[in-house]
A.B. asks: 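To start, I am sharing the structure in question, which I have written as structure tokens.
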Amino acid sequence: MADFGDKVVYQIYPKSFRDTNGDGFGDIPGVIEKLDYLQELGVDYLWLTPFFPSPQRDNGYDVADYRSISPQFGTMEDLENLIRQSRERGMGIMLDMVFNHTSTRHEWFQKALAGDEEYQNYYIFKEGTPDHAPTNWKSKFGGTAWEYVPELKKWYLHLYDVTQADLNWDNPGVREELKEILRFWKEKGIRAFRFDVINLVSKPGQMEDDFEGDGRRFYSDGPHIHAYLKELVKDAGIADFVTVGEMSSTSLEHCIRYSAPEEKELSMCFNFHHLKVDYKDGDKWALNPVDYKKLKELFVEWQTGMQEGGGWNALFWCNHDQPRIVSRMGNEGIYWKESAKMLAGMIHFMRGTPYIYQGEEIGMQNAHYPSIERYRDVESLNYYQILLEEGKTKEEALEILAARSRDNGRTPMQWNGERYGGFSGEEPWIPMSAAFRKEITVEAQQNDEDSVLAFYKKLIAMRKKYPVIAKGEISFLETETDLVLAYRRELGEQQMIVICNLDGRKQRVIVPGERSGWRILLENYKGREIPLEEMYTMEPYEFMVLGNVK
Ligand code: GLC
Ligand code: CA
């Protein structure tokens, strides 16, 4: 049994967390400044997205040097302070390793460009003529996945931005370099890693056109992925670290293998299937209402499937690539608080390790930017153009971005009610959310027992207190409607039942089971009756945990 079931990870996007020197960019000293807050929240690990030297084309996911700190974020000394001061407070730092690609500014790529064949073999270069790319694969940020370098008469592969060149993992020298980077950070006291799009690193030997899709079926969970991960983990000596792999378009079968302890690959996996239930035919850039039937089926499949296969899930709604969950599946109006709590509770009681993304714990909402000038994200700016080229009006394109842009999750953290939310005294690199208001700040919620923040603290505290949450079995209960999700957790005699109304309308449910010795352990409406076996009417977004635990 995994021993990190009682742990909670908090994700920090440093650029938007807290700016201490007034340049409008969040920095590492800003994270240090907020350590007391994070300790009080009760989290165990702080995952920081990349702060390495980078041209920032993709906000740091274009790494130019994996062993130092970008001056924008601070110094190595700042990071060492952060590691030490976190440790003193019982928290570990989780570093974000971007190993599928490097920035084209990285010294390896620069040497490749200068004609060094050894370094060309670090990347995926293919000879060819400018009129014909090696395959028809698409970049995940729009357009072709290949770029021609006339001086070399070669194309290179970039699954993301043109400045993010894919590494050639089939080259043992590349794998050795990456292990060295992990050893370097291990020396610095790091004991947890997140691996960016790690299931995309093993490309097929023969690359062919994809006439059914964008090419992803050839390289997602690619041919040698499990062997490469095992080797990396073993040789870098990180088998007993907390590791999480970000898995793009993956499958349950592969995630079981990535995370089952006996495989000695990773501790757990992020998958994104549950965050595509509002895509239209899989297209992120086409709006659709949330398909609750599908959402429920996916939770049942992944929760019970990972349990049966011995794998371990990372539980999450939000990150720096996703819109805010309360805006997406909850309510921004009168049920803002109730829905934010319900959505949190819904995943925190599932089997896995929960991740909280900065601002989620205070119910932060989407950016609601009224014009394209406010957007910063390379993907959003690319797709805005693509949508216009496809014939959408500016209004339509902006409406799609408002729902889908990654910038929704990147607006400055709202600490207090000042002009820039206490993020900075100066104008931030990215505008505040237009939904920013006093109620949605740490300051306003800190001393309020009924706040979203207080609710997150309870969720974390309960996980530490009741082993049934960290270790119990999960099974789902039948409900008459897909708008109600209910499940049971069990560990020996200990039991909990979690019931969530996913909708803004009342729902009627019957909860099975005997109730003697049971009580309500957590709820988002005050003073509810314990629903006996008769019909119970749930309020909009009502959430309740019942149990017999002491
Ligand atoms: C991951 C990151 C995302 C980045 C991409 C390419 O999905 O979370 O922010 O753009 O990888 O590195
Ligand atoms: Ca700064």
Side-chain angles (χ1 to χ4, degrees), residues 11-34 47-52 54-64 66 69-75 78 94-104 106 139-142 145 157-167 193-201 216 219-220 244-250 269-272 275-276 284 314 316 318-323 355 357 376-383 405-410 412-413 420 422-430:
Q11 183 193 349
I12 295 173
Y13 196 67
K15 204 170 177 177
S16 300
F17 193 63
R18 165 75 184 134
D19 168 28
T20 55
N21 63 351
D23 63 359
F25 297 98
D27 40 52
I28 295 173
V31 180
I32 297 177
E33 191 188 294
K34 300 297 180 183
W47 153 25
L48 272 69
T49 58
F51 42 68
F52 311 106
S54 156
Q56 296 283 316
R57 274 281 300 194
D58 187 19
N59 282 334
Y61 283 91
D62 45 335
V63 180
Y66 293 86
I69 315 294
S70 159
Q72 189 181 84
F73 290 102
T75 62
D78 291 330
M94 175 185 274
L95 285 200
D96 202 328
M97 294 285 115
V98 188
F99 283 173
N100 177 67
H101 43 264
T102 74
S103 163
T104 50
H106 194 286
S139 151
K140 293 183 189 274
F141 291 163
L157 179 70
H158 62 89
L159 294 182
Y160 291 87
D161 186 58
V162 56
T163 65
Q164 292 167 301
D166 280 56
L167 284 165
F193 292 107
R194 178 237 188 211
F195 292 101
D196 191 62
V197 292
I198 194 69
N199 69 323
L200 306 187
V201 303
R216 70 180 66 193
Y219 57 73
S220 306
V244 56
E246 186 201 22
M247 306 299 174
S248 170
S249 300
T250 189
C269 306
F270 290 117
N271 82 77
F272 296 88
L275 295 174
K276 295 181 180 173
K284 170 170 172 175
F316 74 107
C318 300
N319 66 28
H320 63 292
D321 298 327
Q322 297 292 330
Y355 285 66
Y357 177 60
R376 298 289 178 269
D377 175 29
V378 53
E379 184 197 50
S380 303
L381 298 175
N382 286 353
Y383 269 97
S405 171
R406 305 195 298 180
D407 283 338
N408 283 311
R410 300 176 180 184
M413 177 69 183
Y420 299 125
F423 161 72
S424 177
E426 301 300 320
E427 193 178 346
W429 68 278
I430 188 171

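Start at 1 and go down the list; that is how both ligands and their atoms are numbered.
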A.B. asks: Contact between K140 and ligand 1, counting heavy atoms under 4.0 Å?
C.D. replies: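 No; K140 lies far enough from ligand 1 that no heavy-atom distance drops under 4.0 Å.
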A.B. asks: Which atoms of ligand 1 are found less than 4.0 Å from any heavy atom of F141?
C.D. replies: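 Heavy-atom distances to F141 below 4.0 Å select 10 (O).
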A.B. asks: Rounding to 10°, state the angle centred on the Ca ion (ligand 2) that links OD1 in D23 with O in F25.
C.D. replies: 80°
A.B. asks: Is it true that K284 and D321 have a side-chain N and a carboxylate O under 4.0 angstrom from each other?
C.D. replies: no
A.B. asks: Heavy atom under 4.0 Å from ligand 1: found in F99's side chain, backbone, both, or neither?
C.D. replies: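 Answer for F99: neither.
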A.B. asks: Calculate the angle formed at the Ca ion (ligand 2) by OD1 in N21 and OD1 in D19; 10° precision is enough.
C.D. replies: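 Vertex at the Ca ion (ligand 2): approximately 80°.
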A.B. asks: Below 4.0 angstrom from a heavy atom of R406, which ligand 1 atoms are there? Numbered from 1 as shown, please.
C.D. replies: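 Selected atoms, number and element: 3 (C), 4 (C), 9 (O), 10 (O).
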A.B. asks: Between E379 and ligand 1, which residue portion shows a heavy-atom distance shorter than 4.0 Å: side chain, backbone, both, or neither?
C.D. replies: neither
A.B. asks: Would you call D407 and R376 a salt bridge, using N to O less than 4.0 angstrom?
C.D. replies: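 Answer for the salt bridge query: no.
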A.B. asks: Below 4.0 Å from any atom of ligand 1, is there a heavy atom belonging to R410?
C.D. replies: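 In this structure, R410 qualifies as a contact of ligand 1 - some heavy atom is under 4.0 Å.
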A.B. asks: Check this for me - ligand 1, H101, N or O atoms closer than 3.5 angstrom, yes or no?
C.D. replies: yes
A.B. asks: Backbone, side chain, both or neither: what part of R57 comes under 4.0 angstrom of ligand 1, heavy atoms only?
C.D. replies: neither
